[in-house]
Amino acid sequence: MYANDRASQGLGMRVLETRPGYARLAMLVREDMLNGHSSCHGGFIFSLADSAFAFSCNSHGGVVVAAAASIDFLAPAQGGDELIATAVERWRSKRNGVYEVTVANQRGETIALFRGRSHQVREP
């Protein structure tokens, strides 16, 4: 999936680990990702969490897309921070799933909490 994911590649995301129902991705906060307050724009943090969610919910095969997602920003990320998004499957049925993603910085401080609901559009 990563080989065809130009968005994640373009933002410099790296897949650290995947297994069924789980994914861990990393992204360095670049200077061009900073907002007017000199902290990481929330859209980039959301994108990292969303990509981890995507890799986690697609880890069983088939084609799975987001049906809904929300995020709580808890602390700012700064330029040069290495963000790690860890996605964990909390519930899955034949077509739907619920996933939680924690985004932390290199010091282990939680930056954001993301929750996504998936929908399978094509069988494995």
Side-chain angles (χ1 to χ4, degrees):
M1 187 173 153
Y2 183 80
N4 295 322
D5 187 345
R6 290 182 297 278
S8 296
Q9 292 175 29
L11 292 174
M13 294 179 200
R14 299 180 325 279
V15 177
L16 303 177
E17 181 181 0
T18 60
R19 61 180 185 263
Y22 179 90
R24 202 160 57 94
L25 275 67
M27 180 182 77
L28 179 67
V29 178
R30 305 181 313 229
E31 292 299 310
D32 64 341
M33 296 175 170
L34 302 181
N35 62 23
H37 298 293
S38 297
S39 59
C40 184
H41 189 287
F44 293 109
I45 298 168
F46 186 97
S47 293
L48 174 63
D50 188 47
S51 288
F53 164 53
F55 282 90
S56 179
C57 66
N58 279 279
S59 63
H60 299 286
V63 176
V64 181
V65 298
S70 65
I71 193 166
D72 292 300
F73 299 106
L74 307 177
Q78 306 300 324
D81 278 352
E82 181 79 8
L83 300 182
I84 307 290
T86 304
V88 178
E89 183 178 85
R90 295 299 180 197
W91 172 83
R92 184 170 78 96
S93 68
K94 181 175 178 163
R95 288 230 181 259
N96 301 294
V98 174
Y99 296 77
E100 293 178 343
V101 183
T102 301
V103 180
N105 62 20
Q106 69 276 7
R107 293 177 297 283
E109 300 162 339
T110 302
I111 299 300
L113 298 172
F114 172 107
R115 187 174 180 99
R117 185 169 48 87
S118 68
H119 179 74
Q120 183 171 301
V121 295
R122 193 168 52 217
E123 296 287 327

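The chain is numbered in sequence order, starting from 1.
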- From CA spacing to verdict: side-chain contact (heavy atoms from CB on, under 4.5 Å), Ile111, Leu74: CA-CA 5 Å; Ile111 299 300; Leu74 307 177; over 6 Å; no
Check: [X] side chain, [Y] main-chain N or O, donor-acceptor pair, under 3.5 Å:
| X | Y | answer |
| --- | --- | --- |
| Ser8 | Met13 | no |
| His37 | Ser39 | no |
| Ser56 | Gly21 | yes |
| Gln106 | Glu82 | yes |
| Asp81 | Gln78 | yes |
| Glu31 | Gly79 | no |
| Arg95 | Gln120 | yes |

Atom [atom1] in [X], atom [atom2] in [Y]: separation rounded to 0.5 Å?
| X | Y | atom1 | atom2 | result |
| --- | --- | --- | --- | --- |
| Asn105 | Cys40 | CG | SG | 11.5 Å |
| Ile45 | Met27 | CD1 | CE | 7.0 Å |
| Phe114 | Tyr99 | CZ | OH | 12.0 Å |
| Asp5 | Leu25 | CG | CG | 8.5 Å |

With a 4.5 Å cut-off on side-chain heavy-atom distances among I, L, V, M, F, W and Y, is there a chain of contacts connecting [X] to [Y]?
| X | Y | answer |
| --- | --- | --- |
| Val64 | Val98 | no |
| Phe55 | Val63 | no |
| Leu48 | Met33 | yes |
| Met1 | Phe53 | yes |
| Leu28 | Val15 | no |

- Query: Just checking, is any N or O donor in the side chain of His60 or Glu89 under 3.5 Å from an acceptor N or O on the other one?
  - Reply: yes
- Look at atom CZ of Arg107 and say whether more than 12 heavy atoms of other residues, nucleotides or ligands are closer to it than 6.0 Å. yes
- Does the side chain of Phe44 reach to within under 4.5 Å of the side chain of Leu11, using non-hydrogen atoms? yes
